[in-house]
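Worksheet for the structure shown next.
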Amino acid sequence: MNSFVQNLELSIKRGLILQAYLAIWFCALVFLSDAILQEDGVPYIGFGFAILKASALSRFMIIGQKLFPIPFVTGSSVLWLVLRRSLVDTSFVLLLSYVFFGIEGLIHHKGFFETLQNFCKGNLEHVAALTLCYWLIILPYLAYCGLKSAMGAQRLYAYLMGMEDQKNHAAIK
């Protein structure tokens, strides 16, 4: 039972960290979009949807990692495994973006499907650019998870903090 509680606590902690990471990025995209459009005020509903999208995506990613962990095997390419997972997660966040855009249309008394047709003003280039931004947001997190799985948490933390070289120098002396 104690192991179950520890796993649950770890999953909740990881989920909250991931949710905060994604929320910061998605809110930054809303802010950037509104700054580019030079609107008079940043609508709070956009930030709310960004936070909801971050929450939904973080849950999806945590559950996906539990059900389908990145299958690292010595000698396999962490990059390829992370790339495949990032494409799935990016597809999901794009789907969430469409859904939240449709819901926002309903809030403004427009039809859900009519609003979906106007996602990114119906411009496929805009959709592709947004998808690339989503991918660039998700990729570092998944690369971190893949390296953590491949190297082990302690070794990765030591490497990221610059302590790996200090250990090697101490062992040589």
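Small disclaimer: the values here were computed from a predicted structure and weren't measured. Both backbone and side-chain heavy atoms feed into the values below; hydrogens, waters and symmetry mates do not. Numbering of residues begins at 1 and proceeds along the displayed sequence.
- At least one donor-acceptor pair under 3.5 Å links the side chain of Ser58 to the backbone N or O of Ala54.
- Nearest heavy atoms, Ala56 versus Leu96: CB-CD1, 3.8 Å.
- With hydrophobic clusters built from ILVMFWY side chains whose heavy atoms lie under 4.5 angstrom apart, Leu79 does not share a cluster with Tyr159.
- Expressed to the nearest 0.5 Å, how far CG of Leu16 lies from CD1 of Ile12 amounts to 7.5 Å.
- Between Phe101 and Phe119, the ring planes are perpendicular. Angles over 60° get that label, and only those under 30° would be called parallel.
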>> Let's go through Tyr157 and Met163 carefully: what are the C-alpha distance in whole Å and the side-chain angles of both, what is the deciding distance for side chain to side chain contact (heavy atoms under 4.5 Å, CB included) to 0.1 Å, and is it a yes or a no?
In response: CA-CA 8 Å; Tyr157 295 148; Met163 297 165 63; over 6 Å; no
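- Residue Leu106 comes nearest to Gly111 through the heavy atom pair CD2-C, 4.4 Å, listed as atom of the first residue, atom of the second, then distance.
- Note: Leu32 CG to Cys133 SG = 8.0 Å, rounded to the nearest 0.5 Å.
- Note: the hydrophobic cluster containing Val82 also contains Trp25 (ILVMFWY, side chain heavy atoms under 4.5 Å, direct or indirect links).
- By the 4.5 Å heavy-atom criterion applied to side chains, Glu104 and Lys110 are not counted as neighbours.
- The aromatic rings of Phe92 and Phe60 lie parallel to each other, their planes meeting at an angle below 30°, with 60° marking the opposite boundary.
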> Can you check side chain to side chain contact (heavy atoms under 4.5 Å, CB included) on Val127 and Tyr98, steps first, answer last?
Replying inline: CA-CA 10 Å; Val127 173; Tyr98 271 100; 3.9 Å; yes
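- Pairing each heavy atom of Leu156 with each of Met151, the nearest pair is CD1-SD, 3.8 Å.
- Of all the heavy atoms in Phe100 and Lys53, the pair that sits closest is CE1-CA, 3.5 Å.
- The structure places OG of Ser97 at 5.5 Å from CG of Leu130, a figure rounded to the nearest 0.5 Å.
- Linking Ile, Leu, Val, Met, Phe, Trp and Tyr whenever their side-chain heavy atoms come within less than 4.5 Å puts Trp80 and Leu142 in one cluster.
- Side-chain atoms of Gln19 and Arg59 include a donor-acceptor pair closer than 3.5 Å.
- Atom CG of Leu94 and atom SG of Cys120 lie 8.0 Å apart (nearest 0.5 Å).
- Formation of a donor-acceptor pair under 3.5 Å by the Ser33 side chain with backbone atoms of Val30 is not found in this model.
- Residues Ile63 and Leu57 do not share a hydrophobic cluster, defined by chaining ILVMFWY side chains whose heavy atoms lie under 4.5 Å apart.
- The minimum heavy-atom distance between Ile62 and Ser11, with the atom names listed, is CG2-O, 4.5 Å.
- Counting heavy atoms from C-beta outward, Ile103 and Phe49 have side chains that approach closer than 4.5 Å.
- Contact annotation: the side chain of Leu22 approaches that of Leu18 to within less than 4.5 Å [non-hydrogen atoms, C-beta and beyond].
- Heavy atoms only, all atoms of each residue included: Gly105 and Thr115 are closest at CA-OG1, 3.5 Å.
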> Do Arg14 and Leu10 pass the side chain to side chain contact (heavy atoms under 4.5 Å, CB included) test, and can you show the C-alpha distance, the side-chain angles, and the key distance before you say yes or no?
Replying inline: CA-CA 6 Å; Arg14 287 179 60 205; Leu10 181 63; 4.2 Å; yes
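- A donor-acceptor pair under 3.5 Å is formed between the side chain of Tyr21 and the backbone N or O of Ile137.
- The distance from atom CG of Asn7 to atom NZ of Lys66, rounded to the nearest 0.5 Å, is 5.5 Å.
- The side-chain heavy atoms of Leu83 and Trp135, taken from C-beta on, include a pair separated by under 4.5 Å.
- A donor-acceptor pair under 3.5 Å links the side-chain atoms of Thr90 to the main chain of Ser86, judged by distance alone.
- Between Tyr141 and Tyr144, the ring-plane angle classifies as tilted under the 30° and 60° cut-offs.
- Taking the six-membered ring for Trp, Phe26 and Phe47 have ring centres at least 6.0 Å apart.
- Under a hydrophobic clustering in which Ile, Leu, Val, Met, Phe, Trp and Tyr are joined whenever their side-chain heavy atoms come within less than 4.5 Å, directly or via other members, Ile24 and Ile138 fall into different clusters.
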